[in-house]
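Just below is one structure, and these are the notes that go with it.
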Protein chains: 2
Amino acid sequence: MPRFNLVFKALADPTRRKIILLLKEADMTAGEIAGHFDMTKPSISHHLNVLKQSLLVTDERKGQNIYYSLNMTVFQEVINYFFNITHKNEGEIDDEKGK
Amino acid sequence: MPRFNLVFKALADPTRRKIILLLKEADMTAGEIAGHFDMTKPSISHHLNVLKQSLLVTDERKGQNIYYSLNMTVFQEVINYFFNITHKNEGEIDDEKGK
DNA sequence: TAGATATTTAGGCAAATATCTAAATAACTG
DNA sequence: CAGTTATTTAGATATTTGCCTAAATATCTA
């Protein structure tokens, strides 16, 4: 289960949403990501850290570079959160069945 | 199109997410909502205002009371935002067709 | 191991946020 | 219209956030 506080805080910043759109197209190094913004690398690093803490993205070092990717599982869980709001009380029966 | 900045900022607070869950069950007055929290009414009023600015909720005065409700349209649009992230480039053809 | 490249960590500051108390506004009621 | 109830607005304060520069860490290469 995602920590919705961290997830929505992460999503509340336009720089971070743009990073997500970049990573949707392809995994990328921190430097490549920073290249898409008019902002210092430490600032982008900060945003990447916020995204990482939210679990929306993961990172993996490969040699000198650190590659970032989207964590689709968490996005799916966020979709479920909204689905549960828009679709009243579905799953109620299943919950009870869980004896 | 929703203002994602305002929407995600609104969702980033646990009090506001709990308000959303309350309103999922039934429309409610500001006072009824405040009754569910250990917080002053002005603070809840502030949270309701943030939710209203995000368009996630609407308000309507009925006599002395102001009733709050969820705006399902915006929730659906947020679901679409996530759907577009999880489902790569779908709709691309349609976009081009829009000549 | 010294130098170069990639990235993060630390520290500081300005702006935004969440909360409170006190006061203002709106609507009903006798 | 005076009093009561429902809600918001204003003003103050503490915390968090986003950005920067400077310094530190990690890795590769000669």
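Here the structure is a predicted model, which is why all the values come from computation and not from measurement. To find a chain, count down the sequence lines: A is the first, B the second, and so on, and within it residues start at 1.
One distance of note links OH of A:Y68 with CD of A:E32; it measures 12.5 Å at 0.5 Å rounding. Atom CZ of B:R16 is separated from atom NZ of B:K9 by 10.0 Å, given to the nearest 0.5 angstrom. To the nearest 0.5 angstrom, B:T15 atom OG1 is 5.5 Å from B:F37 atom CZ. We find the NZ-NE2 distance between A:K24 and B:H87 to be 10.5 Å, quoted to the nearest 0.5 Å.
Taking 4.0 angstrom as the limit, A:T40 places none of its side-chain polar atoms (N or O) nearer than this to OP1 or OP2 of D:dT21. Side-chain N/O atoms of A:H47 include one lying less than 4.0 angstrom from OP1 or OP2 on D:dC19. Regarding contacts with the backbone of D:dC20, a side-chain N or O of A:S43 is found under 4.0 angstrom from either OP1 or OP2.
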Kindly give the atom pairs (protein nitrogen or oxygen, nucleotide nitrogen or oxygen) under 3.5 Å for nucleotides 2-5 of chain D.
unit_1 : atom_1 : unit_2 : atom_2 : d
D:dT5  : O2     : B:Q64  : NE2    : 2.8

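Separating the CG atom of A:D38 from the P atom of D:dG18 is a distance of 18 Å, rounded to the nearest angstrom. The interatomic distance linking B:F37 (CZ) with D:dT7 (P) rounds to 14 Å, in whole Å. In this structure, B:K41 atom NZ and D:dA10 atom C1' are separated by 19 Å, rounded to whole Å. The distance between atom NE2 of B:H46 and atom P of D:dG11, rounded to the nearest whole Å, is 16 Å. For B:E60 and D:dA6, the CD to P distance is 19 Å, given to the nearest whole Å.
Considering B:D59, B:L48, B:T29 in turn, B:D59 is the only one that fulfils the side chain to side chain contact (heavy atoms under 4.5 Å, CB included) rule with B:I66. Test A:Q53, A:H46, A:H47 against A:N49 for side chain to side chain donor-acceptor pair (under 3.5 Å) and you get one pass: A:Q53.
No engagement by A:Y67 is indicated, since no non-hydrogen atom pair under 4.0 Å with the nucleic acid exists. At the heavy-atom level, B:D13 lies under 4.0 Å from the strands shown only through sugar-phosphate atoms.
You'll find the side chain of A:V74 reaches within 4.5 Å of the side chain of A:E77, heavy atoms only.
With a heavy-atom cut-off of 4.0 Å to chain B, the contacted part of DNA chain C has its first and last nucleotide at C:dT17 to C:dC28.
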side-chain contact (heavy atoms from CB on, under 4.5 Å) between A:V7 and A:L55, worked out: CA-CA 7 Å; A:V7 168; A:L55 306 184; over 6 Å; no

task: Assess whether ring pair (Phe, Tyr, Trp, His ring centres under 6.0 Å) is satisfied between A:F8 and A:Y81, documenting all intermediate values.
output: CA-CA 12 Å; A:F8 290 126; A:Y81 171 81; 5.7 Å; yes

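A 3.5 Å limit on both hydrogen-bonding distances identifies D:dT27 as the Watson-Crick or G-U partner of C:dA4. With a cut-off of 3.5 Å on both pairing distances, the Watson-Crick or G-U wobble partner of D:dA2 is C:dT29.
DNA chain D is contacted by both A:R61 and B:Y68; B:Y68 maps to the nucleotide lying nearer its 5′ end (nearest heavy atom per residue).
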